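Structure, as structure tokens:
As the structure is a computational prediction, the values presented were derived from the model and not from experiment. The first residue of the sequence shown is numbered 1, and numbering continues consecutively from there.
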Amino acid sequence: KTSYSLAKSTYAWIWSTKLTILKLFIPIFLMSIIATYFGEISLTIICALAGFYVASTSIVQIHRSIILDTSADQIVVFPKIEKTFFLYLGTWFVIASIDKIIDNIANFLLVESGAAIILYLILTIAFIHVLARVYFIFPIVAVNNKIDFRFAFSISKNRFWTIFNSTLLMLIPALILIILIFAAVIFSMGILKLNFNLFIPMYVSIYFMTLTSINIHYSILFKELTKNHENLDSDDPSYKTPEEKNPYKGAFDDSGSSW
């Protein structure tokens, strides 16, 4: 598929499951409202942790729904607790932390010396290239309950521009739409003279919507790139049956993933 058709498939899935996505978004938005309204540090931390957990359970279910071709109607706000959710959340925190560290290093180089701009650009481009491929670890964790960077790099080999261009085509219109929606909310609040601080809820909402869109797109990319993809565990792929060549095809087996 082309980058455009992949981006289009993402929007088609989002539109067909808009009510489900909205259902998943509501508790996260409410927790951000509670944290803003009461303003206590302890409550804010609790709401933040709970929000991240709910977001991870929601996105894991979305990955599975797309990759395993199950109905989005099976996605629930509070599913049965699984180890996979915590593994996914932990992976998310690690990748986000590395992203922050790299970003700080790049900014330090840019501020410290104007001559370092070339190094800054090289570091930024290299990180984007790696992150675009590493990000497949999230659908892998969601459907197989394990961290497999080898497979993430395997399926994305020589496909960087398809991944990058399709993500860009999907993300830019989504961000514009999200920003316009919240700009309208701010404008309406100004007209109605409402003084409630919506900065944190709006930031959380934009972050969740953007993150959800990216993960939906990566699920669709994952499904496309793993078509007829052979597992690299064997030097002789013909040694295995078609069902064994790709360990991510077939029904999700949650044995051992639940407590």
Side-chain angles (χ1 to χ4, degrees), residues 1-18 20-21 24-25 28 52 54-70 72 75 84-85 87-99 102 127-175 177-178 206-229 246-250 252:
K1 289 185 177 181
T2 64
S3 298
Y4 172 75
S5 63
L6 288 167
K8 187 177 178 181
S9 296
T10 300
Y11 278 112
W13 197 90
I14 291 173
W15 180 254
S16 65
T17 59
K18 54 187 178 295
T20 299
I21 295 173
L24 298 173
F25 165 71
I28 295 174
F52 277 119
V54 172
S56 68
T57 63
S58 301
I59 296 173
V60 165
Q61 291 180 91
I62 288 172
H63 283 309
R64 292 175 183 170
S65 179
I66 295 171
I67 296 168
L68 305 178
D69 289 318
T70 59
I75 298 174
T84 304
F85 299 147
L87 179 61
Y88 190 96
L89 189 57
T91 306
W92 183 4
F93 281 144
V94 170
I95 297 295
S97 298
I98 294 173
D99 180 20
I102 297 296
F127 181 69
I128 290 173
H129 185 274
V130 173
L131 183 62
R133 299 180 63 187
V134 166
Y135 207 89
F136 283 106
I137 198 65
F138 292 109
I140 290 172
V141 169
V143 300
N144 212 46
N145 192 34
K146 71 175 183 179
I147 297 174
D148 190 349
F149 285 107
R150 188 183 184 190
F151 194 74
F153 279 103
S154 171
I155 63 174
S156 59
K157 185 178 180 180
N158 300 323
R159 302 304 296 272
F160 170 75
W161 288 113
T162 298
I163 297 166
F164 180 78
N165 292 337
S166 64
T167 303
L168 208 61
L169 286 171
M170 179 279 303
L171 200 54
I172 291 177
L175 284 174
L177 179 61
I178 291 170
I206 292 173
Y207 183 82
F208 177 77
M209 290 180 180
T210 304
L211 189 68
T212 302
S213 299
I214 291 172
N215 280 281
I216 289 170
H217 184 64
Y218 261 80
S219 295
I220 289 170
L221 281 170
F222 182 88
K223 189 175 180 180
E224 178 65 22
L225 297 182
T226 53
K227 285 181 179 178
N228 303 318
H229 185 88
N246 185 350
Y248 303 99
K249 286 184 179 179
F252 171 70

Flag side-chain contact, heavy atom, 4.5 Å: Thr212 against Ser58
no
Do Tyr4 and Asn165 get their side chains close enough for a donor-acceptor pair, meaning under 3.5 Å?
no
Can a donor-acceptor pair be found, under 3.5 Å and without considering hydrogens, that links the side chain of Ser65 to the backbone of Thr70?
yes
Minimal non-hydrogen separation, Ser56 against Phe85, with atom names:
OG-O, 3.8 Å
Do Lys1 and Ser9 come close enough that some side-chain heavy atom pair is under 4.5 Å?
yes
Going by the angle between their ring planes, with limits at 30° and 60°, are Tyr135 and Tyr218 parallel, tilted or perpendicular?
tilted
Side-chain contact test, heavy atoms from C-beta onward, threshold under 4.5 Å: evaluate it for Arg159 versus Arg133 and give yes or no.
no
Side-chain touch Ile59/Phe138, heavy atoms, less than 4.5 angstrom
no
Would you say that more than 12 heavy atoms from the other residues, nucleotides or ligands in this model lie under 6.0 Å from the NZ of Lys8, or not?
no
Please test Phe160 against His129 for ring-ring contact (aromatic ring centres under 6.0 Å, His included), starting from the C-alpha separation and ending with a verdict.
CA-CA 7 Å; Phe160 170 75; His129 185 274; 4.6 Å; yes
Side chains of Leu24 and Ile62 in contact at under 4.5 Å (non-hydrogen atoms)
yes
Quick one, His63 with Tyr88, criterion ring-ring contact (aromatic ring centres under 6.0 Å, His included). Give me CA distance, side-chain angles, the key distance, then yes/no.
CA-CA 11 Å; His63 283 309; Tyr88 190 96; 5.7 Å; yes
pair Ile216-Thr17: side-chain heavy atoms closer than 4.5 Å
no
Rounded to the nearest 0.5 Å, what separation is found between the CD1 atom of Ile172 and the CE atom of Met170?
10.0 Å
Measuring only between side-chain heavy atoms, which start at C-beta, is Leu6 closer than 4.5 Å to Thr10?
no
Plane angle bin for Trp92 and Phe52 - parallel if under 30°, tilted between 30 and 60°, otherwise perpendicular
perpendicular
If you compare all heavy atoms of Ala174 against all heavy atoms of Tyr11, which two are closest, and at what distance to 0.1 Å?
N-OH, 2.9 Å
Distance-minimising heavy-atom pair for Val134 and Ala152:
O-CB, 4.5 Å
Of all heavy-atom pairs linking Phe149 and Ile147, the shortest is CE1-CG2, 3.4 Å
